[in-house]
Protein chains: 2
Amino acid sequence: MSGASLHQRITADLGGEIRSGAWPPGHRIPFEHELMARYGCARATVNKAVHALAVQGLVERRRKAGTFVAAPHITSAVLQIPDIRAEIESRGQRYAWARLAWRIRPARPGGDEAPLDPAGDLLQVKGLHIAGARPFALEERLINLAAVPKAADCEFKHVAPGAWLLAHVAWTEARHEISAINPDPETAAALSHARACLVLKRWTWRQQAGITFARQVFAAETIELTARFTPGGP
Amino acid sequence: MSGASLHQRITADLGGEIRSGAWPPGHRIPFEHELMARYGCARATVNKAVHALAVQGLVERRRKAGTFVAAPHITSAVLQIPDIRAEIESRGQRYAWARLAWRIRPARPGGDEAPLDPAGDLLQVKGLHIAGARPFALEERLINLAAVPKAADCEFKHVAPGAWLLAHVAWTEARHEISAINPDPETAAALSHARACLVLKRWTWRQQAGITFARQVFAAETIELTARFTPGGP
DNA sequence: TAGTGGTCTAGACCACAGC
DNA sequence: CTGTGGTCTAGACCACTAG
């Protein structure tokens, strides 16, 4: 860490005290002027260092009172939902996409598309994500053509809708649902998997405009998550 | 926003251009010296503002080249794993905990406890989280008594292990796995639910010391998640 | 090599919350 | 009222890298 900048070193030092438990929640960490003396630097530098800890959620700062070690949150964790292709390739398997169906149809009230509040036509694509030679996930995708008219020009024969959208449209908000189902016979046949399956549903918006809905049925794969102390986020 | 500080206003201004789509991914935002002129302030101020955008993941900065609007990540979302009791009560239902089993047993190699790397005895608790009159989740809990000896004094008859641990032990790291199963007959009977179930496994550590493992089988409830544009996290 | 961002300084004034 | 953190300035030098 000697190559890092001074404020990064200070942040790491103080963060280490907190994560090690030497400074428990509620403990007042040194004042900025004390840290100035300890590190022999300007106040702006220690301020930047301690401010970074506050952004990370490790400390809370109060004028006149000082800076205190924060209590860890339990309610939030960082969920890794990798791109399916990246997930498969990171396992060293070959990725393939097989399109099963493609059509344009008018939006209907109700159903999974309702949260997108689509106005005109939807592009509906169905296909299979394949890892090596085995089915990995079955995907049903709806794309709001009013928001993404260019999508109608893509047949999604060789590129999955998620990959195409990622390259062409930015999203600002998403909602996810994870659930468990017993697959219907058609799904079970497509996945070669008849037991319980994980289902991930994802709705994506850009500025209140519904972009796309995806429903991915996994072959009972497990989704793994890691959470660290106060991972933060607003 | 006129009450906010200048660097916050600059951050909000630039962030607005990006989120609105006026500046698409890949677009080069104004140089720092241009922003200095535009806002009539020192470089340190615009640097702080643009740096905040970089921390949020909205932009990427490259020396000599400039600052560019980043492509949104899809890979991370904030997962809300509320306390089960809080979840049930937030739905307006009465919460209850029913202990089914309690015992102390030596740690065994392998199995779900392995990641905790327990040294001595484990406290094993099994029970049911109940919403109103219906089973909500079946929980199997292991507590590492070497790390939390006080837990042996609690019978967990009227308080669930998660609630007790939350009040008595701080954690620094956790790992989660979500999967789907078809319940075995015993589990199906306890949950009054024979179809596919969601399973959440959670391992919790404090400084490399394994604290507890929990396996919660839900009655096919759905876990919901919300993600915003580049919610960040390291 | 020139220009960008990364870092740092030695000040300053202010808002706010404890005392 | 005092002391803390919040903010800002007008410089400076440096590291990296695109051209």
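Just so it is clear: chains get the letters A, B, ... in the order the sequence lines come, proteins before strands, and each one is counted from 1. Just so we're clear, the structure is a prediction, and the values are computed from it rather than from any experiment.
- Between B:Thr67 and C:dT4 there is no side-chain N or O to OP1 or OP2 distance below 4.0 Å.
- Each of C:dG6, D:dT4, D:dC8 was ranked by its minimum atom distance to the side chain of A:His33; first place goes to D:dT4.
- A:His51 comes within contact range of no nucleotide atom at all, as no heavy-atom separation falls under 4.0 Å.
- A straight line from CG of A:Leu35 to P of C:dT9 spans 13 Å, rounded to a whole angstrom.
- Side-chain atoms of A:Phe31 lie closest to D:dG5 of the nucleotides C:dG6, D:dG5, C:dA17.
- Checked against a 6.0 Å centroid threshold, the rings of A:Phe156 and A:Trp102 do not count as neighbours.
- In the set D:dA10, D:dA18, D:dG6, the nucleotide with an atom closest to the side chain of B:Lys64 is D:dA18.
- For B:Arg63, taking side-chain heavy atoms from C-beta onward, the closest of the listed nucleotides C:dG5, D:dC8, C:dT7 is C:dG5.
- Between the CD atom of A:Glu60 and the C1' atom of D:dG5 there is a distance of 14 Å, given to the nearest Å.
- At least one side-chain heavy atom of A:Thr11 sits under 4.5 Å from a side-chain heavy atom of A:Leu53.
- In this pair, A:Phe218 and A:Phe136 present their aromatic rings perpendicular. The plane angle is above 60°, beyond the 30 to 60° band.
- Across the protein-nucleic acid pair, A:Arg28 atom CZ and D:dG3 atom P stand 14 Å apart, rounded to whole Å.
- Counting to the nearest Å, the C1' atom of C:dA15 and the CD atom of B:Gln8 are 13 Å from each other.
- Classified by interplanar angle (parallel below 30°, tilted 30° to 60°, perpendicular above 60°), the ring pair B:Phe213/B:Trp203 is tilted.
- As rounded to whole Å, 7 Å separates atom C1' of D:dG6 from atom CZ of A:Arg43.
- Distance B:Leu14 CG to C:dG5 P: 12 Å, rounded to the nearest Å.
- For the pair B:Arg85 and B:Glu89, the salt-bridge criterion is met [side-chain N within less than 4.0 Å of a carboxylate O].
- The pairing partner recorded for D:dT17 is C:dA2, the criterion being a Watson-Crick or G-U wobble arrangement whose two distances lie under 3.5 angstrom.
- Listed pair A:Ser5 / C:dG6 fails the phosphate criterion, with no side-chain N or O lying under 4.0 Å from OP1 or OP2.
- When the side-chain nitrogen and oxygen atoms of B:Thr45 are compared with OP1 and OP2 of D:dT9, one or more of them lie within a distance under 4.0 Å.
- Between B:Arg62 atom CZ and D:dA18 atom P there is a gap of 6 Å when expressed in whole angstrom units.
- Listed nucleotides: C:dA10, C:dG5, C:dT7. Nearest to the side chain of B:Arg61: C:dG5.
- Proximity note for A:Ala65 (side chain, C-beta onward) versus C:dC8, C:dG18, D:dG5: the nearest is C:dG18.
- Distance NZ (A:Lys48) to P (D:dG5): 18 Å, rounded to an integer number of Å.
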